[in-house]
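Below is one structure; the comments refer to it alone.
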Amino acid sequence: MISERKIWKEKFGEWFRKVIAEAGILDYRYPIKGCGVWLPYGFKLRRNILGIIRKLLDESGHEEMLFPLLIPEDLFARESMHIKGFEEEAYWVTHGGSTKLSVKMALRPTSETVITPMAKLWIRSHADLPLKIYQIASIFRYETKATKPLIRVREVTTFKEAHTFHASHEDALKQVREAIKIYKKFFDEIGIPYIVSQRPEWDKFAGAVSSYAFDTVLPDGRTLQIGTVHDLGQSFAKAFDLTFETTIGGREHVWQTSYGISERGIAAVLILHGDDHGLVLPPNIAPIQVIIIPIPYKDMEELVNEAGKKVENELKEGGVRVKLDVRSDITPGSKFYEWEMRGVPLRIEVGPRDIKERKVTFVRRDNFEKLSCEESELVEKTKSLLADTRENLRKRAGEWLNLHICKAKSLDEAKKLIDSDFGIVQVPWCGKKECGLEIERGVNARVLGVPSAKEKVAGNCVVCSQKGEFLVRLAQAY
Ligand code: 5CA
Ligand code: ZN
């Protein structure tokens, strides 16, 4: 598999564009760069993935809400670091019809400056804290780097942002740890491997005290940031004068966190599990888990279709998302090709021989293994094959990431590895900003950050030779 992927690496950008269109995930031909259309099959996949994050957030005391898209300039500009970071990325609404607006408005590039002033109306005392909310909505960013479907878009249609409010920094830090745990569970559920890094001080979210990022490695050796968690400290609370009455009667500024993911998580699912034949979808999120294809022989069309219908009903009753493909104008071979490309995890072929022998024939999408079972074991066998497929995909993607993280002892060695599209390279670093920037320049790559749970480091800073405090992670990043 992995060696296959080496060849795959070169053409993966092209593969990605082609497969999302052909598989019916996304139509990216809309005449605005960075905007696409979710097609029905893609929309179902998106809905299943969002179901997982919704459940995780709801279970941990977050409540879903929906906030306005427009931000008046004065609110948007209130927190100075935030506006500095986002000003150039915002789309601005300046007119209502032909009337020039007295205050121009930004389309939200994220929602701290929408949510904090509203929280000020809701939070009075410590009894109102913590407050944990989220929304799933579109955001807009005028990205200047090359746009790419699902990976770098200008309308991020699947932005899930959570915002939390706390009575102490300690509580906010606890929330940061919970958020990291929630995202770990989320990415584990969809079979995406990741590393979590604390972002360097010079590359944090605009307005944050500290930022943590989830990164994964794509087939071309470049990393994709698939989620972030931020400790916002009191920056926004101070800018908006959001305070609460403490237990001893004084007033203090509220402590905040925020964390977000987007359709990049969906892109990672498509890319990391896919192969030369197209998508391979994890069964727990696949819109169709089992595709049944009747294999008609002369004069037996009706018989195989009926048998297929029976299999379909039984699986449906067993709670499996199943589809019977009875189209008579295309051959079984073309059907195999199409559903393989669309990533359906399991295929059942129903032919005269299966009917006669009271057997069911399966083909797994992840490894093309062909298996069979007795008719009576249909539901049970299907479920165990789907579970195996899911586990295999998760494991395979995990091995891929492990093979693409390594350590280097010098800048030279790190640069060679990065130039060969290796993936993530870690080097000892003293922790000083000058050295960090020097490392970025030296290897011409990005500092992803340092491991969020700090490991003991052996070795000296690759720039200044002082004792290394951290292993810093470097990569070509999307
Ligand atoms: N307010 C915070 C937490 S919600 C925030 O906006 N953080 S962020 O800027 O880091 O965005 C969160 C995640 O959204 C990123 O980690 C990235 O995975 C995703 N994202 C950001 N910009 C884009 C984009 N243009 N296209 C696709 N995904 C994006
Ligand atoms: Zn140093």
Side-chain angles (χ1 to χ4, degrees), residues 26 33-36 53 57 62 67 79 81-82 85-86 89-91 108-116 133-164 176 179 183 186-187 192 194 196-197 199 203-208 210-216 223-232 235-236 256-268 411 427-439 442 447-449 457 459-470 472 477-478:
L26 194 92
K33 221 169 93 174
C35 297
I53 190 66
L57 290 170
H62 299 72
F67 288 83
E79 208 288 321
M81 292 307 288
H82 190 70
F86 277 111
E89 269 185 43
Y91 282 89
R108 62 174 168 234
T110 181
S111 304
E112 278 77 4
T113 59
V114 178
I115 296 177
T116 311
I133 58 187
Y134 71 99
Q135 73 171 346
I136 300 177
S138 278
I139 58 158
F140 293 81
R141 292 187 184 179
Y142 186 70
E143 296 279 358
T144 46
K145 283 195 194 168
T147 54
K148 213 177 187 34
L150 303 177
I151 288 178
R152 177 166 280 105
V153 285
R154 286 180 169 173
E155 178 179 359
V156 185
T157 61
T158 314
F159 198 63
K160 190 291 299 162
E161 51 179 320
H163 296 262
T164 70
V176 163
Y183 282 178
F186 170 68
F187 290 118
I192 295 305
Y194 49 79
V196 186
S197 310
R199 302 280 292 138
D203 212 359
K204 295 182 301 196
F205 175 70
S210 54
S211 295
Y212 299 83
F214 283 68
D215 290 279
T216 196
T223 55
L224 182 67
Q225 185 190 90
I226 48 178
T228 47
V229 177
H230 313 289
D231 168 18
L232 300 175
S235 322
F236 290 92
Q256 286 171 247
T257 80
S258 70
Y259 29 105
I261 52 176
S262 76
E263 48 260 61
R264 281 189 184 177
I266 304 176
L411 265 190
V427 297
W429 171 46
C430 62
K432 286 200 297 279
K433 182 176 173 181
E434 311 94 87
C435 291
L437 292 174
E438 187 57 40
I439 293 172
V447 164
L448 299 179
V457 174
N460 298 330
C461 175
V462 289
V463 177
C464 70
S465 300
Q466 281 175 24
K467 174 107 192 59
E469 288 272 330
F470 308 97
V472 67
Y478 266 94

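Values below: all heavy atoms of this structure, side chains included; hydrogens, waters and symmetry mates excluded. The model shown is predicted, which means the values in this text are computed figures rather than measured ones. Whatever order the structure lists them in is the order used to number ligands and atoms, beginning at 1.
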Shortest protein heavy-atom distance from atom 16 (O) of ligand 1, along with the residue and atom involved: Gln225 OE1, 2.7 Å
4.0 Å heavy-atom contact, Val229 with ligand 1: no
Modelled atom types, side-chain donor and acceptor of Glu161 and Ser258, under 3.5 Å: no
Ligand 1 atoms in contact with Val153 (distance to a heavy atom under 4.0 Å): 24 (C), 25 (N), 26 (N), 27 (C)
Proximity flag Arg264 to ligand 1, non-hydrogen atoms under 4.0 Å: yes
Under 4.0 Å to a heavy atom of Arg152 - the qualifying atoms of ligand 1, by number: 26 (N)
Contact (N/O only, under 3.5 Å) between Lys160 and ligand 1: no
N/O separation below 3.5 Å, Glu112 to ligand 1: yes
Residue, atom name and distance, where the atom is the protein heavy atom closest to atom 28 (N) of ligand 1: Ser262 OG, 2.8 Å
Angular separation of SG (Cys464) and SG (Cys461) seen from the Zn ion (ligand 2), to 10°: 110°
Tyr259 ring center within less than 6.0 Å of Phe205 ring center: no
For His230, atoms of ligand 1 separated by under 4.0 Å from a heavy atom: 2 (C), 3 (C), 5 (C), 7 (N), 10 (O)
Tyr142, OH: over 12 other non-hydrogen atoms inside 6.0 angstrom: no
Glu263-ligand 1 polar pair, N/O distance under 3.5 Å: no
Protein contact to atom 13 (C) of ligand 1 [nearest heavy atom, distance to 0.1 Å]: Gly260 O, 3.7 Å
Phe214 heavy atom under 4.0 Å from ligand 1: no
Per-atom contacts of ligand 1 with Tyr259, taking only distances under 4.0 Å to non-hydrogen atoms: 3 (C), 4 (S)
For Gly227, the ligand 1 atoms whose distance to one of its heavy atoms is below 4.0 Å: 16 (O), 18 (O)
